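Worksheet for the structure shown next.
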There are 2 protein chains.
Amino acid sequence: MGDEAKHPVKATARTLEIIAALKQLNWAGVTELAERLDTSKSVVHNHLSTLEEHDYVVKGEEGYSIGLRFLEMGGYRRNKMTLYRMGKPEVDALAEETGELVNIAAEEHGQCVYLYRSRGAQSVHLDIHAGERAAMNTTALGKSMLAYMHDDRVNRIIEDGPLPAATEHSYADSEALREELAATRERGYAIDDEERLEGLRCVSAPIRQDGEVLGAISVSAPTNRLKGDRLEQTVPDKVVSAANVIELNSVHS
Amino acid sequence: MGDEAKHPVKATARTLEIIAALKQLNWAGVTELAERLDTSKSVVHNHLSTLEEHDYVVKGEEGYSIGLRFLEMGGYRRNKMTLYRMGKPEVDALAEETGELVNIAAEEHGQCVYLYRSRGAQSVHLDIHAGERAAMNTTALGKSMLAYMHDDRVNRIIEDGPLPAATEHSYADSEALREELAATRERGYAIDDEERLEGLRCVSAPIRQDGEVLGAISVSAPTNRLKGDRLEQTVPDKVVSAANVIELNSVHS
DNA sequence: AAATAATTTTCTATCATATAGAACAAAATT
DNA sequence: AATTTTGTTCTATATGATAGAAAATTATTT
């Protein structure tokens, strides 16, 4: 999340609350939303009809839901990112090649945001979708980005946000994380050894452009398929190589 | 666009204006936005910082821009649509098979909204992206949907929105459009013969589920590649067949 | 490096308007 | 048909969105 607004527009904040609730409930009625958000029906109705006028909300049989305008804005933003445009084909290729789940992500507001994913033939099924967020310290993607970001930004991220522990193996401690980042730099790529999800390992390499971290690419697979030589050589090589290709292609745009 | 709100929340409307401006400008500063929207800098700043707090906006070197939260919400909405989930693989397959550009779309607020597209090997390059909108009467997708929608809804759409003429060949007249829709039903699929873009033809079939139109699928190609037998037999057969597969798969979900 | 300009952010008073609650209308349910 | 539930409109009032100015920050120039 971004920093707190000094002079927030409360009506806007209320609107965003309604949108968040609509996402959670998928379809919801005015009454239901008013109760959940502890406000009056007229307020909810006013906000919803304002949103609907601009296609951010749709009215259906079962009440209101998120509109497709979000898809337009989100897709627009993603398409503006060279990381996405250059990364997508490489992600697809790597998924095909490894048969596993491949992701690219970028950092936003100190969080790891998934941009695109591609499933290989035997890939695990995770219910993470584009646009969703994870703490930087709990993903290989986040750690490979942190490892190569400027110190001051790394410090702000580590200090500001809490470092949640998703599993037993998470680096939830500031010092341990810093050591892990050093090890990542040494290695050239990051490993998530069941730090985010029991039974899941990931290998991730950063994607950089003249010193700046654009994002990262990763391969995720069950622990029993990502071990030994595949964990230490084959997959890391492919991941780093894919990252390098994206870096090279990103120069020309 | 949805109907006009009776009691719009003006602050929310202002927020949406700012978001729309951010999309147009890609990156913009507070001053620039305030001038463009004819309001004060403090207002713009308050709205932006409220949006940023919730990840709907990001602050960068060159000012503010759309945040990745939109991607999350848009992707979420699209994933909830069986049309998308069942349609995506068929769209990919059809693009591979025909080598052309393949789209699926749904109707929202009387407009044709693109949901997903896949490029075949030799496909044209159109700068339409997922979430973007077109008038129903100017696309094969829109016409194939209209042709099979309930009369009252068709009437509302034809009467409410204006029928823009994108090219010489567009069906901008209400009566002509109705005849074209009848012809489409006769045929079983819709044709866009340079009605949206000079030099571009499209073939589209509706995707239905017990009487309800879920959306449509289309193939777009240059006029010189979509003519004769390919226009009258081969491609329509494939499009209709893909639509049928999606319909069948949609039953189980 | 100092000075100046431009831009962003904070502050404050005031008037517009977001809000709650009630009344009404429309569906849904019995 | 009657009743409950839900959605929409209306209105008064107190809240807070807004404009404008001042302060702080950043960029540009000398």
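In what follows, chains are A, B, ... by sequence order, proteins preceding strands, each numbered from 1. Since the structure is predicted, the reported quantities are computational estimates derived from the model, not experimental observations.
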Side-chain N or O of Y64(A) versus OP1/OP2 of dT6(D): is the shortest distance under 4.0 Å?
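No, Y64(A) has no side-chain N/O under 4.0 Å of OP1/OP2 on dT6(D).
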dT8(D) phosphate, OP1 or OP2, under 4.0 Å from H45(A) side-chain N/O:
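Answer is yes, contact under 4.0 Å.
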Rounded to the nearest angstrom, tell me the gap between atom [atom1] in [X] and atom [atom2] in [N].
X: H47(A); N: dG16(D); atom1: NE2; atom2: P; value: 12 Å
X: E4(B); N: dT9(D); atom1: CD; atom2: P; value: 12 Å
X: D3(B); N: dT8(D); atom1: CG; atom2: C1'; value: 14 Å
X: L37(B); N: dA17(D); atom1: CG; atom2: C1'; value: 15 Å
X: E17(B); N: dA17(D); atom1: CD; atom2: C1'; value: 14 Å
X: L48(A); N: dT8(D); atom1: CG; atom2: P; value: 9 Å
X: H7(A); N: dT15(D); atom1: NE2; atom2: P; value: 19 Å
X: E35(A); N: dG7(D); atom1: CD; atom2: P; value: 10 Å

Check this for me: does any side-chain nitrogen of one of E108(A) and R69(B) sit under 4.0 Å from a carboxylate oxygen of the other?
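Judged by the 4.0 Å cut-off on N to carboxylate O distance, E108(A) and R69(B) do not form a salt bridge.
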Look at E35(A) together with K41(A) and state whether they make a salt bridge at an N to O cut-off of under 4.0 Å.
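Answer for the salt bridge query: no.
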Does [X] reach the side chain of [Y], with side-chain heavy atoms less than 4.5 Å apart?
X: H47(A); Y: V43(A); result: yes
X: Y64(B); Y: W27(B); result: no
X: V239(A); Y: I217(A); result: yes

What range of DNA chain C does chain B touch, first nucleotide to last, counting atoms under 4.0 Å from its heavy atoms?
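On DNA chain C, the outermost contacted nucleotides are dT7(C) to dA18(C).
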Relative to the 5' end of DNA chain D, which residue comes earlier, T12(A) or G63(A), by the nucleotide with the nearest heavy atom?
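Looking at DNA chain D, the more 5' nearest nucleotide goes with G63(A).
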Map E61(A) and K6(A) onto DNA chain C by nearest heavy atom, then report which one ends up closer to the 5' terminus.
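Nearest nucleotide further toward 5': that of K6(A).
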Strictly by modelled atom types, are [X] and [Y] linked by a side-chain donor-acceptor pair under 3.5 Å?
X: N46(B); Y: H7(A); answer: no
X: S144(A); Y: S204(A); answer: yes
X: T39(B); Y: R14(B); answer: yes

Contacts under 3.5 Å, N or O only, protein and nucleotides 20-23 of chain D:
unit_1	atom_1	unit_2	atom_2	d
dG20(D)	O6	S42(B)	OG	2.8

Please verify the inter-ring angle class for Y116(B) with Y84(B); under 30° counts as parallel, over 60° as perpendicular, anything in between as tilted.
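Ring orientation of Y116(B) relative to Y84(B): perpendicular.
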How would you label the contact of S49(B) with the nucleic acid (heavy atoms, under 4.0 Å): base, sugar-phosphate, or nothing?
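Here S49(B) touches no strand at all.
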